[in-house]
Amino acid sequence: MIDKLLQNLNEEQYEAVTFDQGPLLLVAGVGTGKTTVITRRIAYLIAEKKARPAEILALTFTEKAAAEMEERVDILVPYGYIDAQISTFHSFCDRLLRENALLISLTPDFRILTEPEQVIFFKDHLFDLPLKSLRPLGNPISNLRAILTLFSRAKDEDITPQEYRAYVEQLQKRIKTDSNDEALAAEFMLQDELADVYAKYQQLLLEKGFVDFGDLITLALRLLRDHPAILARYQRQFRYILVDEFQDTNYAQFELLKLLAGHHNLAVAGDDDQSIYKFRGAAISNILHFQRQFPDAKLIVLKINYRSTQEILDSSYRLIQNNNPDRLEVRSGIEKRLIAVSTDVKSINYRSFETLSDEADFVAEKIATIMKEKGCSYRDFAVLVRSNIQADPFLRAMNLRHIPWRFSGSRGLYDRWEIQTAISFLRLMADPRDNLSLHFLAGSPIYQLESEALALLTSYSRRTNKTLLQVFRIAAQTEGFLSISREEREKIKKIADDISAMMPTSRDETTGSLLYEYLMVRTEYLKSLSCSQKRDDLQAMQNLAKLFALIERFKEIAKYDRVPWFIDYLNALIEAGDNPAVGEADWDEDAVSLLTIHQAKGLEFTHVFLVGLVSGRFPSRHRRDPLSLPDELIKDILPTADFHQQEERRLFYVAMTRAKKSLYLTSALDYGGKRPRKPSLFICEAVDIPIATIKTAKRSPLATLKDHQIRPEKPLIDEHIISEAKRLNLSYRQIDDYLTCPLKYHYIHREKIPIRQHHTVIYGAAIHRAIRWYNINLLSQRHIPLEDLQKIFKQNWRAEGFLTREHEEMRFQEGLCALACFYEYQGKNSKIPHLVERRFSVIEKNNRIIGHFDRIDQSDEGGIIIDYKTSEIKDSAQADRRTKESRQLGIYALAYQRIFNQLPQRIELHFLTPQIIIGQFVPTEKRLEQILIDIEYVATGIRNGQFDPDPEYLACTYCAYRGICPYPYKDKE
DNA sequence: GTGAATCCGATTTTT
DNA sequence: TCGGATTCAC
């Protein structure tokens, strides 16, 4: 049996498998059979009776890798079972903690919070945490994710709240010696706040019996450090420890390994050139400095590659050497140039294209050709992208040629229409007044109510102040109601009946059974999906299955599983930014894989296409975390050179080495942006092409054309429509909403679907009223006391939409304070306004632009248009910028120009935050021209009934109609 | 050659 | 919204 274990091993592999005692660093390049070595080593240790299975601990990162390793060991070791511990770091620590929870005053039934649950937890305790500047009352949750990411990174680095606090005290000392350093002072304020919040957050977690993923590691560390007897016990138990993908370990994980492996029987396997998880804490220094930690470590290098051609190996090697000297080869003085077993030649091609669609066409075309010539299967192909968003054009090109593909990258489960349909139904069950959801449900594929009938009902509901559901019920019973056709009325009746029939069930049944009853029995929707052969329908089925799984998870933690509470839970998840991946149609089907490089790690394909290789995309632009750990706290040894570029280069290395036989590198000049793109630096590094021969781009004809195109093609105005809709009234709001997204405009201004008021709107309105009243009095030179001003504010206050009672109270106080600041400022600058709260209306090419000025002051050089804002602002530079870019003030300036026949002297935004920060801008003719173009674009679009979705960047994320928008969530590329 | 204005384009993911 | 890269103005 031992012979079998040692069969077909090369010299180095043999050495690693049979290596006896002490620390071992197995440097295993790509495709050198690393996992084979680890699994055979485990089997060998058992077979040779060097260790009992229970004495072996093997650690990996993902459940998938652990399961695979376990399976391979199972096959090698002919016992019915083995009790070697093969698991992920986290599940190992989980077990450690549950066995010894009480020792570190942790409840043994602690629950692990997933990321969205962490966000929910943080939000629930938002006002219990000592947050100050990081919790602006206008948007208290704005920094939440950044803070949690920071804490998670802190745990990667094994930084306790106490250590964080100690660091802040260091900072404070430094301030005392150098009291003029403003940046340092600001840094101290921020870090001081973070240290407090960190400590309190950990305390709250502990109190409630929660831990997060990072805690699993750090708490396990604490357990072992504080309890030598426990540590000794585990050291005795795990006589052999093996770690896979060692380059992905973080600082804390290595600390854990060092403790456990007190006896030095620690074998780690990895490849520094494949370290691509820096952003989640991986410390490449662990592998680079392993020998520093274990000077007597045996070093074995696997160099024989069983995957790729020599050309691919040589090219990727050329590339990766640009990371020197931050590489193991240099640091440890070893040689790890890979040697191919394959004798194939000519395997790398680089192609550059004019446009992205040419590039995508080429890839699809090439796949088709190779398929024909070589007779392989689709699953032999992979298209690798740097980021998920780049996948789209390639998927479309493959669709055109009927090439099957699978792409697992897509998030956005909640934005799928089948999920929205199901959720709309549940929301309606939880609240029959939820017009938005009924509106969506009626238009969904289940009922397919025509949009005209739906619009009529919606408008009737608004006019009569009845809920949409009430109106549906009336319409169902009244023949000829609103002249709706008989056919549509049947649909309406069906909807009303279904809802009425499901209501009692929703009281008595759990969320899962209610939804099942509705989708399966009542509407037979699930049935129709499962009978369908269409790919989309099958996927819809999978997605719904995912929703049911989510409902299951809720059932586990909820005290009482009924729809309204599930809706609360779901809302919290969505608000926390949770949006799981959509389901896969079928994993077994023969299809081309489209993957991000991160997802492709560890996989191999005969033919690989590495696409989108232009600077800015790959290497991607470096972006810092919004809150990052202070360098002084980072225990990982920071490298010397441009770290981001090194990491991207390793990523490129990983990508190249996925290919067995052929590798295509492609790029294009035109990716839809205005400027042509330069080919990636990595292409030159990998392939021996002199830079000069790569076309460094004159502008492509398309790009040049696009420069002259200010907006997407202007639709021609239909004569008939223009005569009918003679004059268009446009307010600033309408213009802004249309530009944000035409469909949003449609929802707000045409369908007038009401939405719940946001707390910032309530706050802003109350402040505005108070200030308006003040200004009106000022205009007639009446001075009023501050108390009266604040009284107006109070009268206009409504307790709606605030996160908690506490939030509302703090915000209310902030409002009073803001008004006091305003009052004081006015006292000092006792200018009498020229006019206050004046409505205007100007005609511009058959469009009537309407609005009102908050206030205009008169100076010697002209008018000053003033508008008041309550949004957050950093400093006056940002305020100036906002003023300059303000579409609203631009429109006001235009109106001013038309009314007074001259430009205003300047425009001002007064931000009450609550101190007063004033942004100023002097409007120019050029700015007015831009505004006119915008107005014209909006007017034309509205006249032509053009309401297809076209969201501005990030518009969907904040859109109140996101839950009902039938178009998949997508921000403008 | 340098500072200011303007213009683009917008990650990766596991436990 | 935000920051960097490019272009513009001098």
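Proteins get letters first, then strands, A, B, ... in listed order; numbering begins at 1 in each. Atoms considered below: every heavy atom in the structure, side chains included; atoms not considered: hydrogens, waters and symmetry mates.
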**Q.** Where DNA chain B forms stems, i.e. three or more consecutive Watson-Crick or G-U pairs with both distances under 3.5 Å
**A.** B:1-10 with C:1-10

(Q) At 4.0 Å (heavy atoms only), tell me whether Ser620(A) reaches a base, stays on the sugar-phosphate, or touches nothing. (A) base

Q. Mind checking the P distance from dT1(C) to dT12(B)? Whole angstroms is fine.
A. 23 Å

Q: Heavy atoms under 4.0 Å is the rule here; annotate nucleotides 2-10 of chain C 5' to 3' with B where the base is hit, S where only the sugar-phosphate is, and - elsewhere.
A: BB--S----

(Q) Under the rule for salt bridge (Lys or Arg N to Asp or Glu O under 4.0 Å), what residues qualify as partners of Lys869(A), not counting sequence neighbours? (A) Asp867(A)

**Q.** Atom-to-atom span, CD of Glu245(A) to C1' of dT13(B) - whole angstrom
**A.** 14 Å

Q: Assign Phe279(A) to base, sugar-phosphate, or nothing according to its heavy-atom contacts below 4.0 angstrom with the strands shown.
A: base

Q. Taking CD from Gln930(A) and C1' from dC7(B), how many angstroms apart are they, rounded to a whole number?
A. 11 Å

Q | Partner residues of Asp875(A) under the side chain to side chain contact (heavy atoms under 4.5 Å, CB included) criterion, sequence neighbours left out | A | Ala877(A), Gln878(A)

Q.
Assess the residue pair Phe246(A) and Phe254(A) against the criterion (ring-ring contact (aromatic ring centres under 6.0 Å, His included)); give the C-alpha distance rounded to whole Å, side-chain angles, the decisive distance to 0.1 Å, and a yes or no.
A. CA-CA 9 Å; Phe246(A) 184 65; Phe254(A) 193 23; 5.2 Å; yes

Q: Check every atom of dT15(B), dA10(B), dT13(B) against the side chain of Glu63(A) and return the nucleotide holding the closest atom.
A: dT15(B)

Q: Look at all strands and tell whether Glu115(A) reaches a base, only sugar-phosphate, or nothing, counting heavy atoms closer than 4.0 Å.
A: base

Q: Could you tell me which residues satisfy side chain to side chain contact (heavy atoms under 4.5 Å, CB included) with Ala282(A), sequence neighbours excluded, listed by chain and number?
A: Tyr277(A)

Q.
Under 6.0 Å from the ring centre and within 45 degrees of the ring axis: does the NZ or CZ of Arg617(A) meet both conditions for the six-membered ring of Phe652(A)?
A. no

Q: Evaluate whether the aromatic ring of Tyr953(A) and the six-membered ring of the dA10(B) base sit under 5.5 Å apart, centre to centre, with an inclination under 30°.
A: yes

Q) Is any side-chain N or O of Thr596(A) closer than 4.0 Å to OP1 or OP2 of dT13(B)? A) yes

Q: In whole angstrom, give the distance that lies between atom NE2 of His644(A) and atom C1' of dT11(B).
A: 8 Å

Q. OP1, OP2 of dT13(B) versus side-chain N and O of Asn388(A): anything below 4.0 Å?
A. yes

Q: Using atom CD of Gln390(A) as one end and atom P of dT11(B) as the other, report the distance to the nearest whole Å.
A: 9 Å

Q.
Could you tell me how far apart Arg623(A) (CZ) and dA10(B) (P) are, to the nearest whole angstrom?
A. 9 Å

Q) Between atom CG in Leu651(A) and atom P in dT12(B), what is the gap in whole Å? A) 11 Å

(Q) With a 4.0 Å limit, can you tell me whether Gln599(A) has a side-chain N or O closer than that to the phosphate oxygens OP1/OP2 of dT13(B)? (A) yes

**Q.** Between C1' of dT14(B) and CG of Leu216(A), the distance in whole Å
**A.** 12 Å

Q: For residues 106-122 of chain A, pull every pair meeting side-chain hydrogen bond (donor to acceptor under 3.5 Å, both in side chains), keeping only residues two or more places apart or in separate chains.
A: Thr107(A)-Asp109(A), Thr114(A)-Glu117(A), Glu117(A)-Arg553(A)

Q. Is any side-chain N or O of Arg386(A) under 3.5 Å from a base N or O of dT11(B), one able to act as donor and the other as acceptor?
A. yes

**Q.** Inter-nucleotide P distance (dT13(B), dC2(C)), Å rounded
**A.** 25 Å

(Q) When you measure from the side-chain N and O atoms of Lys884(A) to the phosphate of dT6(B), is any distance below 4.0 Å, counting only OP1 and OP2? (A) yes

Q | Whether Ser275(A) side chain and Asp272(A) backbone form a donor-acceptor pair below 3.5 Å | A | no

(Q) How many whole angstroms separate atom CD1 of Ile389(A) from atom P of dT13(B)? (A) 13 Å

Q) Ring centres of Tyr234(A) and Phe92(A) under 6.0 Å apart? A) no

Q.
Using modelled atom types and a 3.5 Å cut-off, is there a donor and acceptor pairing between side-chain atoms of Asn579(A) and backbone atoms of Ile574(A)?
A. no

Q. Would you say Thr883(A)'s side chain and Ala879(A)'s backbone share a donor-acceptor pair under 3.5 angstrom?
A. yes

